[in-house]
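To start, the structure itself, in structure tokens.
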Amino acid sequence: MGRIAHFDIAAFIILSILLFSMLFRRMNRGRINTTYIALLISLLIATATDALSAAPLLSITNLDLRNRYRMGISTVYFVFRILAGPIYIIFIGHLSGTWHRLKKHKPFLISFTLPYLFCLGLLIYNVRAKSVFHYSTDGAYERGSLIVVFYIIGLYYMILSVLYLIKIRNTLDKEKLFTLSMIFPLTGAAMLFQYFQPDILMEMFSYSIVAMLINAIILRPEHTIDPLTGANSYRSFTTDIQKYFRSDVPADLIFVRIKNSTALLSILGNEGHQKMQREIAELLRHTDTKKDRNLYHNVYYLYNGLYAVLIDGKKKDEFTRLEARRIYDIMKQPLHSSHLDLDMDASVCTLNIPKDITNWDDLVAFANSFHYNVPDDQVVVLSEIAPEKQFRMKNNIDEIISNGIINHSFVMYYQPIYSIKEKRFTSAEALIRLFDENNGMVSPGIFIPYAEKSGSIHQIGEFVVQDVCRFIATNDMDKLGLRYVEINLSAVQCMRNNIVTKVNSLLTDYKIEPRYVNFEITETASDFVHDTVKTNVLAMHSFGLEFALDDYGTGYSNLQRMMDFPFKLIKLDKSFVDEWEDPTMRLVIRDTIQMLKDIGKEIVVEGVETKEEAEWFIEQNCDYIQGFYYAKPMPEQEFLNFMREQR
């Protein structure tokens, strides 16, 4: 009976579709994608040669020539079939962000490369010795005594993958870990079957199923590619950058902000604007990295005319400077789109992570505001301007705050909060922002502490409460789907004797029902002059205002003091999210959540940035999630549009 290649044909079709999909969607940049494509190509060649070795060769009548042809084809099969194992391990390494460390470990490199090199040597030896496989005088495929070596080495790479996954399991979420682990039962069973049934070629079919699972569950083209621009998505940016922060691998970023994106939208309309965004993404993507194969160049579209270019490689510093200059020159030229020549008002800034910015929160804050802080007439390198700007801001912070109050430079942003139970946004937190004419956006982390020391926090606090009351009064909260807006009260505000009167007066003046307002006070504020703060909070609660304890976990976490206050909501500090992957901290977080639930509190998790984080905290029975994974802080009008779209 001849060898049956039906499974190989099915595998070839699946792998071809996956490869075409990757190339068609331009998912061919970055270490993860390129390694996955290399895996697909290796499997495709192995599958094709496996099928060809079993195909009838009616056009070749000479039996000796036919056998030589099949020997060559089968040899190529074994070369690429075994190669898939090392490539799969490299893929795991790039996906987890740990490969750069592992490849520097010489004992591992030796154990990683020697088995494959031994296979290549054995295949060369087989040409004459025919001790691995050969074709008999009647053209039948026959195994040699050394064929078992290839199965052993295949099993060896499988075990090596298992050990690697166990070692780096804390760097991957459950979904990715499960998918990567599926190769072992699928291919193991197929290898075992084909060992005992050599005439039924189904091993490569199992590999194609694994490749399909990786594409659908791990790479997720619909999640990693922005459908409007064709660039990598914000979600992909979040995943990739946090991996760099975790692994301390240096990389360069180029941020490009089209500052007049909203004006261009009004000129072009939605369809024309989307076309323009695609064209800009293509301009950013179109570069030459062939000069250095160690360079990786990924383009992301984030939001509101903001693009990011990630550059990684041995010569990234030199390339980044040239690339930033190329982008700057392009942005200064009119863009011909929709039969119009459009002038783009763009800012370009480069930085290095983790050298210039060491964590995700600071990077997000910088990305949101850098265009206010950098000049338009040059490419700006963050390391060259940041120290001077920070010193100038802190040195003149009192004047900056004073000018902000006089010039009405404080504005309110709103960040939607997602209800897990209702599966929609039901509330929002009001966040203050200060835009200074000379310094751009000034971080609340800088101006709030100074304002509390100088006493100007009272004026800022009054502005916040009054402006949020105006927002509530001028919008139909029910139609927006909002139950309440959260407003932060500082420790200094909570101690004021007239805080109760002022708040009550504002609610009356704006004709606002107290149920639409939820005040947040920090854990440290509740400890600061405890009795005064408690008296004011209870007084405001008596006429219908609800309260939340903010940043839980940053203070002393005194349970008795917390119970003294009428807190309906407890907001877990972002530090809980940052440490959720640590096995010890997971136990602490679980116990904390359970304790808070047992005493009847509703829980909001702050700072959730990824799907994996969200899913884990949902599993812990939390009530609400707030963070960039669901929605970022937005200016008032953008927030209103967002909520209407959600409804």
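Residue indices begin at 1 and follow the sequence shown.
Comment: K571 engages E606 in a salt bridge, judged by a side-chain N to carboxylate O separation of less than 4.0 angstrom. Salt-bridge formation is detected for the pair R470/E636: a Lys NZ or Arg NE/NH1/NH2 atom is positioned less than 4.0 Å from an Asp or Glu carboxylate oxygen. Residues E462 and K502 are paired through a salt bridge, judged by an N-O separation under 4.0 Å between the basic side chain and the carboxylate. In this structure, R590 does not pair ionically with E619, as no charged nitrogen and carboxylate oxygen lie closer than 4.0 Å. A salt bridge links D623 with K597: the closest approach of a Lys/Arg side-chain nitrogen to an acidic carboxylate oxygen falls below 4.0 angstrom.
Counting all heavy atoms, side chain and backbone alike, P250 lies closest to P354 at CA-CD, 4.0 Å. Between F547 and V537, the shortest heavy-atom distance links the atoms CE1-O, 3.6 Å. Minimum heavy-atom separation, I472 to V517: CD1-CG2, 3.9 Å. A324 approaches T350 most closely through the heavy-atom pair CB-CG2, 3.5 Å. Pairing each heavy atom of I405 with each of S456, the nearest pair is CD1-CB, 4.1 Å. For the pair F642 and Y630, the tightest heavy-atom approach, listed with the atom from each and the gap, is CZ-O, 4.4 Å.
In this structure, Y307 has its ring center under 6.0 Å from that of Y301.
No side-chain donor from either of E645 and N641 sits under 3.5 Å from a side-chain acceptor of the other. Checked by atom type, the side-chain pair Q415/Q626 shows a donor-acceptor distance below 3.5 Å. In the model, Q493 has no side-chain atom that pairs as donor or acceptor with a side-chain atom of N488 under 3.5 Å. If you check the side chains of S575 and D573, you find a donor sitting under 3.5 Å from an acceptor.
For the pair E613 (side chain) and T610 (backbone), a donor-acceptor distance under 3.5 Å is present. The main-chain N or O of Y234 is found under 3.5 Å from a side-chain atom of T238 such that the two form a donor-acceptor pair. Side-chain atoms of R235 never come within 3.5 Å of backbone atoms of Y629 as a donor-acceptor pair (strictly under, hydrogens ignored). Between the side chain of N475 and the main chain of M477, no donor-acceptor pair closer than 3.5 Å is present. The backbone N or O of T501 sits nowhere less than 3.5 Å from a side-chain atom of N498 that would complete a donor-acceptor pair.
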**OP:** Would you please test V309 and N298 for side-chain contact (heavy atoms from CB on, under 4.5 Å) and show each step?
**Re:** CA-CA 6 Å; V309 181; N298 279 341; over 6 Å; no
Original post:
For V604 and I625, what are the C-alpha separation, side-chain angles and deciding distance, and is it a side-chain contact (heavy atoms from CB on, under 4.5 Å)?
Top reply: CA-CA 6 Å; V604 183; I625 292 181; over 6 Å; no
Subject >> N518 vs V485, side-chain contact (heavy atoms from CB on, under 4.5 Å): CA-CA, chis, key distance, verdict >> reply: CA-CA 6 Å; N518 188 42; V485 176; over 6 Å; no
**OP:** Any chance you could lay out the salt bridge (charged side-chain N to carboxylate O under 4.0 Å, His left out) test for K632 and E609, step after step, and finish with the verdict?
**Re:** CA-CA 10 Å; K632 62 183 178 65; E609 309 291 355; over 6 Å; no
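The CZ atom of F519 sits 6.0 Å away from atom CE of M540, with the distance rounded to the nearest 0.5 Å. Once rounded to the nearest 0.5 Å, the distance linking CD1 of I400 with CG of D436 reads 5.0 Å. If you take CG on L306 and CG on N304, they are separated by 8.0 Å, rounding to the nearest 0.5 Å. To the nearest 0.5 Å, atom CG of residue L572 and atom CD of residue Q620 are 11.0 Å apart. One finds the OH atom of Y244 at 13.0 Å from the CG atom of L363 (value rounded to the nearest 0.5 Å). The structure places CZ of F639 at 7.0 Å from CG of L480, a figure rounded to the nearest 0.5 Å.
Put simply, the residue from L489, N497, I521, V500 that forms a side-chain contact (heavy atoms from CB on, under 4.5 Å) with N536 is V500.
The aromatic rings of F237 and F255 sit perpendicular, their planes meeting at an angle over 60°, well past the 30° parallel limit. Taking the six-membered ring where tryptophan is involved, the planes of F567 and F565 are essentially parallel, since the angle between them stays under 30° and well short of 60°.
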